[in-house]
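Everything numeric in this text was worked out from a predicted model, so none of it was measured.
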Amino acid sequence: MTGHLAPGGHPVEAELQIDSVTVVHPAEAVATVRCLLGPVRLGARFDRIRDSTETIDLELTRILYYHRPVDELYPVHTALVTLRGAGVRLLASADLNSGWQAIAGANPPP
C-alpha cells in the first residue's frame, strides 16, 4: 500500500487518469488511461472520481499495453483498459476546459 489517503480516510493504491473514453454500453467503457499511482492490477476496484462527490463502482477487467493483454499497469505508462460496473456514464474524456479526470480505488488482494 502506498500510504495515500483519499477524502474520508480511504486508502488509495490505484489511480488512473482518463485521456479518452468510449461507453460501450451502460455498464462498460473502454478508455485510454495513464497510470498515476500503482501498479494497477486487473480486478482493481475504482470507487471515486478525484475532485468529485460522485461515487462509482468500476472494475478493471482488461489492460492492453501496446496491443498486448497484461495483468498490471505501472505509473506513467499508458494503456487501453476496459472498465465495467456502475458509474460508466460519469467518465469523461479530457478536454482543454476541464482537464483530465482521474479515478481512484484499490487493487484486489494478492
Side-chain angles (χ1 to χ4, degrees):
M1 181 128 39
T2 64
H4 296 302
L5 294 178
H10 302 289
V12 174
E13 58 184 37
E15 192 169 41
L16 297 175
Q17 182 181 58
I18 298 173
D19 180 59
S20 65
V21 63
T22 301
V23 176
V24 178
H25 59 72
E28 181 177 296
V30 174
T32 302
V33 300
R34 179 176 180 218
C35 181
L36 297 179
L37 182 63
V40 176
R41 297 191 312 266
L42 283 178
R45 303 295 299 213
F46 296 92
D47 59 1
R48 56 201 166 277
I49 300 171
R50 189 195 302 162
D51 299 327
S52 173
T53 58
E54 299 282 356
T55 58
I56 56 176
D57 182 16
L58 297 172
E59 180 180 0
L60 179 61
T61 59
R62 186 168 188 187
I63 305 169
L64 289 178
Y65 183 70
Y66 287 98
H67 307 286
R68 294 180 184 208
V70 296
D71 293 334
E72 53 192 15
L73 183 65
Y74 287 85
V76 308
H77 291 275
T78 301
L80 186 68
V81 302
T82 301
L83 298 160
R84 291 189 177 133
V88 167
R89 65 174 180 78
L90 300 171
L91 302 179
S93 295
D95 67 33
L96 292 175
N97 294 324
S98 62
W100 284 265
Q101 187 181 64
I103 56 175
N107 280 311

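- Partners of T22 under the side chain to side chain contact (heavy atoms under 4.5 Å, CB included) rule, at least two apart in sequence or in another chain, do not exist in this structure.
- A single hydrophobic cluster is not seen to contain both L42 and L80; linkage of ILVMFWY side chains at heavy-atom distances under 4.5 Å, directly or through other members, places them apart.
- For residues 99-110, the side chain to side chain donor-acceptor pair (under 3.5 Å) pairs, not counting sequence neighbours, are D19-W100.
- Transitive grouping of hydrophobic side chains (ILVMFWY, heavy atoms separated by less than 4.5 Å) keeps Y74 and L37 in distinct clusters.
- In this structure, the side chain to side chain contact (heavy atoms under 4.5 Å, CB included) partners of V70, at least two apart in sequence or on a different chain, are I63, Y65.
- Among residue pairs with one or both ends in residues 52-66, those qualifying as salt bridge (Lys or Arg N to Asp or Glu O under 4.0 Å) are R45-D57, R45-E59; sequence neighbours excluded.
- Cluster annotation: V24 is connected to L64 through the hydrophobic network of ILVMFWY side chains, with a link wherever side-chain heavy atoms come within less than 4.5 Å.
- Closest non-hydrogen pair, G38 versus P75, comes out as N-CG, 3.7 Å.
- Under the side chain to side chain contact (heavy atoms under 4.5 Å, CB included) criterion, V21 pairs with I18, A29, A31, L91, S93, not counting sequence neighbours.
- Atoms CZ and CD1, from R50 and I103 in turn, are 11.0 Å apart once rounded to the nearest 0.5 Å.
- R48 contributes atom CZ, which lies 15.0 Å from atom CG of L90 (distance to the nearest 0.5 angstrom).
- Minimum heavy-atom separation, A102 to E15: CB-OE2, 4.2 Å.
- Among residue pairs with one or both ends in residues 67-94, those qualifying as salt bridge (Lys or Arg N to Asp or Glu O under 4.0 Å) are E28-R84; sequence neighbours excluded.
- The closest side-chain heavy-atom distance from V88 to L58 is below 4.5 Å.
- Note on V81 and V76: separate hydrophobic clusters, where clusters join Ile, Leu, Val, Met, Phe, Trp and Tyr whose side-chain heavy atoms are under 4.5 Å apart, directly or indirectly.
- The side-chain heavy atoms of L60 and L73, taken from C-beta on, include no pair separated by under 4.5 Å.
- A 6.0 Å sphere centred on NE2 of H25 holds more than 12 heavy atoms belonging to other residues, nucleotides or ligands.
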